[in-house]
Amino acid sequence: MGQAQNIQNTNKTGTVVKVAGPLIVASGMADVQMFDVVRVSERRLIGEVIELRGDMASIQVYEETAGLGPGEPVYLTGEPLSVDLAPGLIEGIFDGIQRPLASIYAQAGDRIARGIDVPKLDYEKKWKFKPVAQVGDHVIAGDVLGTVDETEAVLHRIMVPNGLEGKLTWLFDGSANIQEPIAKIEKTDGTVEEVKMLRTWPVRRGRPYNEKLAPDEPMVTGQRVIDTLFPIAKGGVAAIPGPFGSGKTVVQHQISKWADADIIIYIGCGERGNEMTDVLMEFPELADPRTGMSLMKRTVLIANTSDMPVAAREASIYTGITIAEYYRDMGYKVALMADSTSRWAEALREMSGRLEEMPGEEGYPAYLSSRIAEFYERAGYVACLGSDERYGTVSAIGAVSPPGGDISEPVSQATLRIVKVFWNLSADLAHRRHFPAIDWIASYSLYSDQMNEYFDNHVDANWSKQIQETMQILQEESELEEIVRLVGVDALSFQDRLTLECSQSIREDYLHQSAFDDVDTYSSLKKQNGMLSTILDWYHMGQKALDAHVLFNDIIQMTIRERIARMKYVPEDKVDETYKAIKNQLEQEFLALMEGSGNID
Amino acid sequence: MIKEYKTITEVVGPLMLVEEVENVKYDELVEIEQANGEKRIGKVLEINQDKALVQLFESSQGLKLPTSKVRFQGKSIELGVSQDMLGRVFDGMGRPTDDGPEIIPDKMLDINGEPLNPYARDYPAEFIQTGVSAIDGLNTLVRGQKLPVFSGSGLPHARLAAQIARQAQVLENDEGFAVVFAAIGITFEEADYFIKDFRRTGAIERAVLFMNFANDPAVERISTPRMAITCAEYLAYELGMHVLVILTDITNYAEALREVSAARKEVPGRRGYPGYLYTDLASLYERAGRIRDNKGSITQIPILSMPEDDITHPIPDLTGYITEGQIILSRELHMRGLEPPINVLPSLSRLKDKGIGEGKTRKDHADTMNQLFSAYSRGRDAKELAVILGDAALSDVDKIYAEFATQFEERYISQGFNTNRTIMETLTIGWELLSILPRTELKRINESYIDEFCPTPQTKEV
């Protein structure tokens with residue numbers, strides 16, 4: 001809060017002695033604390049103290065350091081790296097240290113100039129504050145004081161700040177900016193504290209909650225291979241490792257678009273500038289399937305593209321998860337995408353190298369895995385602070401970019417030890433243009449059991465049985481394929497060949513899903529269930545027909561299969577009737593086949 | 001008044017230590033003057049109190065410590081840019097090497113550029129016709145994209161690059177199209193091939209060439225691509241031109257980086273390349289793009305040779321993570337005589353979907369592209385199976401697919417380095433090939449397109 005004011009108050013304390021890329025060493029820094037923010041040189045570049053030795057401090061600078069030299073001043077702010085939390089975050093696009101890119105653009109043009117000082121949020125904009133609490137109430141941290149319609153899709157709850165408790169003596173009603181007082185609380189010692197809408201929170205510290213709970217509800221993504229085979233829970237953590245070109249970013253974009261979360265935080269960490277532009281241009285145009293509102297109305301974007309300074313990449317992940325936790329505390333289901341955590345780890349490595357630390361595996365610092373673990377542990381399903389029993393979740397989905405697609409490298413391995421869901425993207429599938437290229441043999445979800453129970457109760461009692469059978473068929477296929485490769489398909493029994501046909505149908509007609517097709521891009525659970533059960537019905541009837549000596553070729557050349565293949569293109573509002581018709585036709589055709597072979601029972 | 005120092009205490013490889021300096025800034029340009037008046041340049045890599053570590057951009061050969069004078073210039077390395085650079089040839093440091101006059105700069109630009117605000121970017125969406133079917137039809141290049149060519153030693157990437165530079169055009173008009181070519185550590189003969197080809201076809205008129213040869217100092221290579229991109233940025237964003245930047249060979253660039261990193265005794269990442277290789281490559285590649293409300297664009301085609309054809313080597317690997325796709329040349333196809341030997345299956349253009357379709361190329365483009373990919377993939381599998389089990393093991397449909405794959409390679413991919421095909425020709429050949437397949441197999445194509453575009457009606461039924 002008010003970093004600009006603080007700078008004016010601070011005296012110059014340190015002096016730069018060494019400059020090496022984004023790392024600066026300054027002397028005369030005895031008063032500074034670890035991870036405090038400092039401003040370097042007259043340009044006021046933003047930096048963070050990452051090492052202290054006597055009165056010497058190592059500072060990682062979040063901006064380009066060209067033109068800096070020894071002797072230049074270092075100003076202390078006395079504050080750790082923090083984010084501003086208040087209405088105005090949603091629909092924002094920020095850099096790694098929460099500077100709005102639109103403001104930078106307005107001030108500096110096409111390029112990101114250095115030392116630019118823009119407010120993190122709009123301090124002037126008036127928001128309509130609607131009181132919820134009652135004057136005279138005893139309130140504790142986390143209690144909702146009032147609400148603000150941040151966008152059409154997000155109701156922003158203004159809560160009692162952490163560490164504050166007492167009697168509410170005054171509550172505002174009307175329009176205010178985020179720096180104006182909206183409530184007064186008399187503490188037990190008799191002092192009165194004013195509360196504003198604006199809060200700050202240090203990014204490297206997780207926000208408190210009452211209790212952490214085990215996730216028990218799926219986050220439906222509308223992506224068939226994910227929801228059906230490898231579901232993620234609300235409050236769960238997932239990793240998507242894969243070589244380049246395997247579609248990590250598309251999967252992340254798809255989840256951001258269609259997941260049934262209230263808030264989406266998308267962190268583009270060291271990735272392509274054009275991809276962020278794509279998100280920026282596309283999201284406002286897309287409608288959220290649940291609210292009908294533009295997707296941007298529930299999204300916060302954090303962009304540190306690969307040409308932006310590397311140190312801010314390290315911070316971007318923390319900035320993102322702190323904002324996610326803030327909305328979680330309001331009782332929302334938040335989904336956070338980090339693309340890609342490997343770039344974040346590389347930023348750690350680069351700073352570690354410049355600090356001349358002893359390297360661990362592949363030059364990464366030895367604390368890599370503990371940092372990754374710390375980050376993912378901030379996700380989860382929690383009972384929020386406050387007396388009204390709100391529950392919120394942060395689901396974290398991190399892309400990993402392993403060199404050469406080989407997941408034996410340290411970042412992938414450290415990530416896999418933490419996450420519960422692993423969507424392994426396969427280069428081979430991608431080359432075959434099978435998207436999403438999630439490998440059904442190697443991937444897993446440790447939430448499957450709980451989630452299947454949920455699906456059984458909420459979608460179809462047969463759900464988990466179906467899933468089990470589907471996995472079994474896919475597994476069998478990979479074994480049968482081996483045999484086919486050795487001796488040819490003719491060596492297989494017709495039963496096995498039918499299994500192969502069925503698994504092909506599962507792969508091509510069900511798991512394959514086009515992110516670019518207007519209808520296919522999202523499938524509701526009902527649609528997923530309808531599709532999968534139809535494919536399996538065909539398989540079961542086919543097996544029966546084979547037993548009844550119907551010709552194999554007749555079964556695989558059934559005209560209904562064409563319709564099954566096109567089931568994915570049936571719009572959601574036509575699913576019920578169309579699928580019913582397909583099932584009817586399926587039964588009719590089989591009946592005809594059985595009759596034809598004279599084996600009707 | 002710029003101070004002169006005669007306090008060089010160490011020279012190791014491309015690095016030089018100057019002591020007792022004052023007021024030196026990080027990343028500053030340094031000029032070193034020898035006793036005989038010869039000048040070299042470098043930049044400040046690190047300053048620790050009064051010691052400056054300088055990276056030379058030229059060879060340290062012949063440098064004599066006591067008599068050399070060092071001047072810190074108070075600015076970063078700059079390139080003087082002007083419209084007159086079109087049609088000219090420069091060395092790796094931006095000095096003219098042809099017989100033409102000195103360039104009178106219109107502007108001096110810092111070669112490192114500044115990061116582009118993602119908010120200021122405009123999404124690339126306009127089709128560029130390269131005249132190469134495997135690219136236009138299947139891995140379409142769009143304006144503002146960065147699409148590298150992954151090659152190997154001995155493969156004809158130079159010929160493909162020259163072909164693209166010669167033929168590339170945007171569909172509606174050709175105004176303000178320019179090529180900036182940076183040769184990074186390539187041999188004289190390869191460079192000569194490009195210059196001759198540009199001269200022969202007249203492409204030189206709209207080209208700017210920066211040449212760093214294999215025998216030029218390796219450290220100079222770190223600047224060469226930046227010089228070229230800076231020039232391109234001037235042409236694109238100040239003069240409103242559509243600029244195609246060709247950088248060859250990025251592998252040499254990465255090796256120069258490794259050399260400097262090793263001399264600095266940095267902790268190496270994979271295969272001895274510095275840990276910041278990704279960031280450094282990104283600082284080149286990310287300078288491709290388009291800017292809102294600006295007419296110009298920069299499209300990049302970096303070329304790199306994969307050591308041992310290994311796509312998991314750090315250079316192609318990190319490049320692939322930054323660029324928007326890749327065009328992969330295959331040794332196997334080259335041996336079989338395909339020109340150009342582009343392996344379309346692992347090749348990819350991430351931005352193709354935005355650059356094709358109605359109003360850009362033709363409405364059936366996306367569908368036929370998907371169908372060609374899947375049919376070729378299946379045909380190749382069938383051919384492999386036939387090698388193991390014999391033709392007899394193939395089903396009737398697979399035999400047709402095998403035939404399709406053969407013809408696809410011969411007619412679609414192998415067009416020769418001198419054939420310039422329009423996108424309509426490419427689409428037509430695609431349809432001719434697809435008509436080999438029975439109509440029921442064309443699952444990925446909208447029915448109405450088959451009726452409208454498929455040339456042979458007998459495919460309606462098998």
Side-chain angles (χ1 to χ4, degrees), chain A residues 17-21 25 64-71 93 101-102 104-105 108-114 243-245 268 270 272-274 276-278 280-281 303 305-310 340 343 346 349-350 353 359 362-363 401 403-406 427 431-433 485 488-490 516 565, chain B residues 23-28 45-50 76 112-124 144-145 266-270 275-276 278-279 282-283 286-287 289 291-292 294 311-314 317-318 320-322 324-326 345-346 348 351 353 370 373-374 377 388-389 393 443:
Chain A
V17 295
K18 178 181 168 182
V19 184
V25 179
E64 174 60 46
T65 52
L68 291 191
I93 164 163
L101 289 173
I104 296 180
Y105 179 69
D110 301 336
R111 307 276 162 175
I112 296 177
R114 288 188 291 159
F244 62 82
R272 305 174 182 93
N274 280 336
M276 290 314 298
T277 313
D278 188 22
L280 269 176
M281 293 186 156
T305 56
S306 58
D307 56 340
M308 283 156 80
V310 69
S340 146
R343 305 301 160 224
E346 280 166 12
R349 172 167 74 181
E350 189 169 337
E362 289 196 19
S401 317
D406 172 12
H431 289 174
R432 289 166 188 278
R433 302 298 192 266
R485 232 166 281 145
V489 73
D490 292 337
F516 302 104
Chain B
N23 262 328
V24 170
K25 309 294 185 198
Y26 172 70
D27 210 32
E28 195 174 345
L45 215 51
E46 191 175 309
I47 341 160
N48 197 348
Q49 294 173 11
D50 65 345
S76 302
N112 290 314
E114 270 180 329
L116 199 56
N117 189 336
Y119 192 78
R121 280 182 189 270
D122 202 358
Y123 200 71
Q145 187 177 15
E266 289 174 331
V267 178
R270 273 207 313 152
Y276 49 81
Y278 178 84
T279 309
S283 73
E286 276 293 324
R287 288 170 78 177
I291 295 184
R292 279 189 196 190
N294 194 314
I311 197 165
T312 67
H313 185 279
D317 189 52
L318 295 178
Y321 277 120
I322 306 165
E324 285 132 357
Q326 65 277 333
L345 291 181
L348 170 72
L351 304 183
D353 302 301
N370 288 333
F373 265 125
S374 102
S377 166
I388 305 171
L389 301 169
K443 280 184 199 158

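In what follows, every chain begins at residue 1, and chains take the letters A, B, ... in the order their sequences are listed.
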Worksheet entry | Spatial distance of atom CG (L101(A)) from atom CZ (R121(B)) [nearest 0.5 Å] | 11.5 Å
Worksheet item: Donor-acceptor pair, R111(A) side chain versus P115(B) backbone, under 3.5 Å?
Response: no
Discussion item. Under 4.5 Å from any heavy atom of chain B, what part of V310(A) do you find: side chain, backbone, both or neither?
Written reply: side chain
Worksheet entry | Rounded distance (nearest 0.5 Å) linking atom CE of M308(A) with atom CD of E286(B) | 10.5 Å
Item to complete: Go through N48(B), N23(B), I388(B), T312(B) and name the one with the most non-hydrogen pairs under 4.5 angstrom from chain A.
Response: N48(B)
Worksheet item: Salt-bridged, R272(A) to E324(B), with N to O below 4.0 Å?
Response: no
Discussion item. Heavy-atom pairs under 4.5 Å with chain A: which of N112(B), N294(B), I291(B) has the most?
Written reply: I291(B)
Worksheet item: Does Q326(B) reach the side chain of F244(A), with side-chain heavy atoms less than 4.5 Å apart?
Response: yes
Practice prompt. Mind running side chain to side chain contact (heavy atoms under 4.5 Å, CB included) on K18(A) and E46(B) for me, showing each step along the way?
Written response: CA-CA 7 Å; K18(A) 178 181 168 182; E46(B) 191 175 309; 3.1 Å; yes
Item to complete: Report the distance from atom OG1 of T279(B) to atom CZ of R343(A), rounding to the nearest 0.5 Å.
Response: 8.5 Å
Discussion item. Is E28(B) in contact with chain A via its backbone, its side chain, both, or neither, using a 4.5 Å heavy-atom distance?
Written reply: neither
Worksheet item: Any side-chain heavy-atom pair from Y278(B) and E350(A) closer than 4.5 angstrom?
Response: no
Discussion item. Below 4.5 Å, heavy-atom pairs only: which of G363(A), G245(A), G353(A), A113(A) has the largest tally toward chain B?
Written reply: G245(A)
Discussion item. For a 4.5 angstrom cut-off between non-hydrogen side-chain atoms, does I112(A) reach L116(B)?
Written reply: no
Worksheet item: Are any of the side-chain heavy atoms of K25(B) and L68(A) separated by less than 4.5 Å?
Response: no
Worksheet item: What closest approach, in Å, do P118(B) and T305(A) show between heavy atoms, and which atom pair accounts for it?
Response: CG-CG2, 3.7 Å
Discussion item. Quick check on P359(A) against chain B: is it the side chain, the backbone, both or neither that has a heavy atom closer than 4.5 Å?
Written reply: side chain
Practice prompt. Any chance you could measure S401(A), atom OG, to I322(B), atom CD1, to the nearest 0.5 Å?
Written response: 10.5 Å
Fill in: Residue part contacting chain B, namely of A303(A), when any heavy atom lies under 4.5 Å
side chain
Fill in: Point-to-point distance, once rounded to the nearest 0.5 Å, from CZ of R433(A) to CG of L345(B)
7.0 Å
Discussion item. Counting only non-hydrogen atoms closer than 4.5 Å, does N370(B) touch chain A with its backbone (N, CA, C, O), its side chain (CB onward), both, or neither?
Written reply: neither
Worksheet item: Can you tell if the side chain of D110(A) reaches within under 4.5 Å of the side chain of N117(B), non-hydrogen atoms only?
Response: no
Discussion item. If I measure from the heavy atoms of chain B, does Y105(A) come under 4.5 Å with its side chain, its backbone, both, or neither?
Written reply: both
Fill in: Largest heavy-atom contact set with chain B, pairs under 4.5 Å, which of A102(A), P243(A), A565(A)
A102(A)
Fill in: Toward chain A, the part of V24(B) with a non-hydrogen atom under 4.5 Å
backbone
Practice prompt. Pick one of side chain, backbone, both or neither for I104(A), based on which atoms fall under 4.5 Å of a heavy atom in chain B.
Written response: both
Worksheet item: Do N274(A) and P124(B) come close enough that some side-chain heavy atom pair is under 4.5 Å?
Response: yes
Worksheet item: Minimum heavy-atom separation for G269(B) to R349(A), with atom names?
Response: CA-NH1, 4.4 Å
Worksheet item: Can you tell me how far the CG atom of D122(B) sits from the OG1 atom of T277(A), to the nearest 0.5 Å?
Response: 8.0 Å
Worksheet item: Just checking, R432(A) and F373(B): is the charged tip under 6.0 Å from the six-membered ring centre and within 45° of the axis?
Response: no
Worksheet item: If you count heavy-atom pairs under 4.5 Å with chain A, which of L45(B), D27(B), V267(B), I47(B) comes out on top?
Response: I47(B)
Worksheet item: Based on non-hydrogen pairs under 4.5 Å, which of Y119(B), Y276(B), Y321(B) is most in contact with chain A?
Response: Y321(B)
Worksheet item: Should E362(A) and R270(B) count as side-chain neighbours, where that means a heavy-atom distance under 4.5 Å?
Response: yes
